[in-house]
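This report refers to the structure that appears directly beneath it.
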2 protein chains.
Amino acid sequence: MDGDTAPVLPLVGGAYDGAVETRELRYFVAVAEESHFGRAAQRLAMAQPPLSRAIQQLERRLGVVLLHRTARGVTLTEAGSVLLREARLALEAVEAAEHRTRRAAADRPGVVLATKAGASRELLSKLLDAYVDAVDVVLCGPGEPERLLRNGRADVALLHRPYDTTAGFDTEDLHTERQVVVLPAGHPLADRPHLSMAEVNTLTGLPLPRWPRRDGSYPDGPGPQVRDHTQLTQLITLGRACAVMPESLRAQLGDDHAIVPVPDAPAVTTVIAWPPHSRSKAVADLVRTAQSL
Amino acid sequence: MDGDTAPVLPLVGGAYDGAVETRELRYFVAVAEESHFGRAAQRLAMAQPPLSRAIQQLERRLGVVLLHRTARGVTLTEAGSVLLREARLALEAVEAAEHRTRRAAADRPGVVLATKAGASRELLSKLLDAYVDAVDVVLCGPGEPERLLRNGRADVALLHRPYDTTAGFDTEDLHTERQVVVLPAGHPLADRPHLSMAEVNTLTGLPLPRWPRRDGSYPDGPGPQVRDHTQLTQLITLGRACAVMPESLRAQLGDDHAIVPVPDAPAVTTVIAWPPHSRSKAVADLVRTAQSL
DNA sequence: TTCCGTTACGATACACGTAAAAATC
DNA sequence: GATTTTTACGTGTATCGTAACGGAA
């Protein structure tokens with residue numbers, strides 16, 4: 001992100017109509033994420049030249065330079081990084097339109113509720129108990145509920161701040177709880193009344209696990225890679241990792257784990273979230289039911 | 001919206017890839033809004049046949065019937081009305097990506113604040129006084145600030161609940177005030193301590209004005225059509241209309257108007273709103289400044 | 001030289017317009 | 001018979017792929 005000066009293209013004639021197509025946005029996001037025309041073209045299952053031309057066309061259309069071309073790839077200009085964020089939102093909105101329309105025409109257009117598998121079990125069972133009417137529960141991995149809600153595959157989701165981003169959704173807080181660290185049974189520190197995050201982070205031989213990012217890749221670090229809760233509990237039992245999690249999850253742990261409160265870990269708030277323009281009575285009822293529990 | 005039964009198209013072969021293009025969404029919105037292929041094609045400056053084909057392609061792609069075709073036009077299916085709402089949001093998001101990218105690359109990428117001309121004058125001048133750095137104020141007509149914020153032409157807006165819809169934005173309340181009815185000076189009811197909305201609505205010879213809808217058309221009714229505040233005050237002076245408005249607007253009225261509180265009219269809250277994914281420090285600063293006033 | 005992005009060119013596919021047909025009131 | 005939508009057909013534009021070119025490390 002070096003401070004370039006002239007990102008606005010001179011308008012030297014051409015068809016500068018404002019009709020940006022989703023295809024162009026998809027192409028741009030691919031190139032921006034790969035920082036490389038070649039890899040992006042491969043990911044898009046096409047050749048580089050048309051991709052290159054499409055990006056040029058987009059830049060001409062917008063009158064803005066989006067990428068710095070270098071010898072070993074591309075980097076985003078300031079305007080380019082703005083477009084990356086905005087294009088993702090726009091593409092999600094288009095995708096959401098598609099999915100919501102399909103589901104509106106489905107044989108049984110029930111409310112789809114997305115939640116992380118394992119989390120909020122008690123809340124969920126009470127909710128489904130009180131509100132039986134046609135609620136399809138989708139249990140998914142970490143971060144997935146938010147994605148499903150954004151791309152229209154779900155109507156409502158149970159999210160967990162601060163892990164999930166609730167920006168752009170309407171939300172109601174349902175429950176707040178403190179976090180604990182889960183250790184293998186018999187660990188030397190298992191009897192401590194509480195631990196700090198600093199102490200947890202420096203537990204020798206017990207690194208925190210690495211969860212996948214939204215794009216599926218894993219951050220660097222010493223901890224083992226985990227994709228779901230089952231993997232995690234097993235790793236803890238094996239003495240290969242510890243984990244900080246909301247204390248309600250203790251109900252799903254066996255006797256071979258020890259639990260110690262971590263007062264300075266951020267509290268986790270379970271919220272029910274829905275798209276702000278939802279006109280669905282079913283969603284409103286579901287939210288109201290959840291709040292009353 | 002007659003209760004049809006089979007809105008899901010049989011998948012009889014074809015390229016059902018999920019690549020919905022904005023062009024298709026634009027076409028669909030036009031047809032849905034016009035309820036008529038011919039008028040929609042005219043509005044889109046194209047012939048009907050390609051429009052008809054494009055809609056068919058969209059329906060095939062989604063696997064959903066969007067329109068009921070009748071002899072004098074079309075009506076939306078349930079799925080179609082869902083798509084209409086979602087497509088508008090998606091198109092706004094695409095447009096926003098376009099505008100925000102352009103402005104990010106502009107020579108002077110200052111914060112653009114949209115507000116209704118005439119409203120919140122004192123607040124606005126205090127805000128600009130406290131926060132001089134590169135704030136471009138766009139004064140616009142009723143309903144416009146919300147639109148500008150949604151389509152990316154503005155970064156922040158001053159909106160007025162319940163008149164504006166703040167759904168999908170992050171907001172902070174700035175100020176709440178009661179509403180008053182403005183009458184021509186010397187009106188028989190000008191000396192009353194207060195009036196009810198029921199009384200205001202039945203003022204003989206003094207109908208409430210009609211404001212334009214988002215699409216520019218006017219609702220039916222007895223009152224005069226108005227597009228801005230100047231027209232309105234003039235009509236009131238002439239004794240052709242009355243108006244219910246926040247009491248702070250009295251500062252902009254001349255001596256030839258009388259004001260009577262209307263306790264049961266909904267209170268108007270001025271809020272500062274911004275897109276929920278805004279990462280701009282300038283916007284955050286501006287919001288904080290506004291709150292502190 | 002090697003890797004990467006761009007330009008050139010020919011072929012295919014897509015979208016459009018005009019004209020004619022089918023369908024509904 | 002009057003609308004309105006749909007099908008048919010020919011044309012033009014735009015996108016794509018292959019191949020050749022230009023530049024930076």
Side-chain angles (χ1 to χ4, degrees), chain A residues 2 4 7 9 12-62 64-77 80, chain B residues 2 4 7 9 12-62 64-77 80:
Chain A
D2 48 16
D4 62 313
L9 287 175
V12 286
Y16 295 102
D17 49 4
V20 172
E21 291 297 327
T22 60
R23 181 179 51 85
E24 299 175 304
L25 296 181
R26 277 182 248 271
Y27 288 1
F28 173 73
V29 170
V31 173
E33 286 181 350
E34 301 288 346
S35 297
H36 193 286
F37 273 84
R39 284 191 296 271
Q42 194 172 348
R43 184 169 121 189
L44 294 166
M46 66 186 291
Q48 295 92 334
L51 179 58
S52 179
R53 263 176 317 193
I55 300 294
Q56 287 177 52
Q57 178 183 353
L58 180 60
E59 288 180 316
R60 209 166 46 238
R61 221 195 272 288
L62 294 171
V64 168
V65 175
L66 300 170
L67 302 168
H68 290 299
R69 278 80 164 171
T70 75
R72 32 171 204 292
V74 296
T75 62
L76 290 171
T77 63
Chain B
D2 48 15
D4 62 313
L9 288 174
V12 287
Y16 294 102
D17 49 3
V20 172
E21 291 298 324
T22 61
R23 181 178 52 83
E24 298 174 304
L25 295 181
R26 277 184 248 271
Y27 288 1
F28 174 73
V29 170
V31 174
E33 286 181 352
E34 300 288 345
S35 298
H36 194 287
F37 273 85
R39 284 192 296 272
Q42 194 172 348
R43 184 170 120 187
L44 294 166
M46 65 187 292
Q48 295 91 334
L51 179 57
S52 180
R53 268 193 312 255
I55 301 294
Q56 287 176 52
Q57 178 183 353
L58 181 60
E59 289 181 314
R60 208 166 47 238
R61 219 196 274 286
L62 295 171
V64 168
V65 175
L66 300 169
L67 302 167
H68 290 298
R69 277 81 164 172
T70 76
R72 34 173 203 293
V74 296
T75 62
L76 290 171
T77 63

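Order of the sequence lines sets the chain letters (A, B, ...), proteins ahead of strands, with each chain counted from 1.
- Scanning both residues, His68(B) and Thr77(B), for their nearest heavy atoms gives NE2-CG2, 3.5 Å.
- Contact annotation for Ala71(A): backbone-only contact, meaning every heavy-atom pair under 4.0 Å involves sugar-phosphate atoms and none involves a base.
- Shown for residues 31-42 of chain A: no residue has heavy atoms falling under 4.0 angstrom of DNA chain D.
- Mapping heavy-atom proximity under 4.0 Å, the span of DNA chain D touched by chain B runs 5' to 3' from dT4(D) to dC9(D).
- With sequence neighbours excluded, no residue forms a salt bridge (charged side-chain N to carboxylate O under 4.0 Å, His left out) with Arg23(B).
- Between Ala45(A) and Val74(B), the residue whose closest nucleotide on DNA chain D is further toward the 5' end is Val74(B).
- Side-chain contact check for Val20(A) versus Phe28(A): every heavy-atom pair is 4.5 Å or farther apart.
- Inter-residue side-chain proximity for Leu67(B) and Thr75(B) is flagged as unmet; no heavy-atom pair is nearer than 4.5 Å.
- Looking only at distances, a side-chain donor or acceptor of Glu21(A) sits under 3.5 Å from a matching main-chain atom of Thr22(B).
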Would you tabulate the side-chain donor-acceptor contacts of residues 41-55 of chain B under 3.5 Å, counting partners in other chains and residues two or more places apart, or write 'none'?
| from | atom 1 | to | atom 2 | distance (Å) |
| --- | --- | --- | --- | --- |
| Arg43(B) | NH1 | Glu33(B) | OE1 | 3.2 |
| Arg43(B) | NH1 | Glu34(B) | OE2 | 2.9 |
| Arg43(B) | NH2 | Glu33(B) | OE1 | 2.7 |
| Ser52(B) | OG | Gln56(B) | NE2 | 3.3 |

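- At its two ends the helix from dT1(C)-dA25(D) to dC25(C)-dG1(D) runs along axes set 30° apart, each axis drawn from five pairs and the angle rounded to 10°.
- Using a 4.0 Å heavy-atom distance criterion, Arg53(B) is classed as a base contact.
- In this structure, Gln57(B) reaches the sugar-phosphate backbone alone: every heavy-atom distance under 4.0 Å involves primed, P, OP1 or OP2 atoms, never a base.
- Taking NE2 from His36(B) and CZ from Arg72(B), the interatomic distance works out to 11.0 Å, rounded to the nearest 0.5 Å.
- Bracketed by its first and final contacts, the part of DNA chain C lying under 4.0 Å from non-hydrogen atoms of chain A reaches from dC4(C) to dC9(C) in 5' to 3' order.
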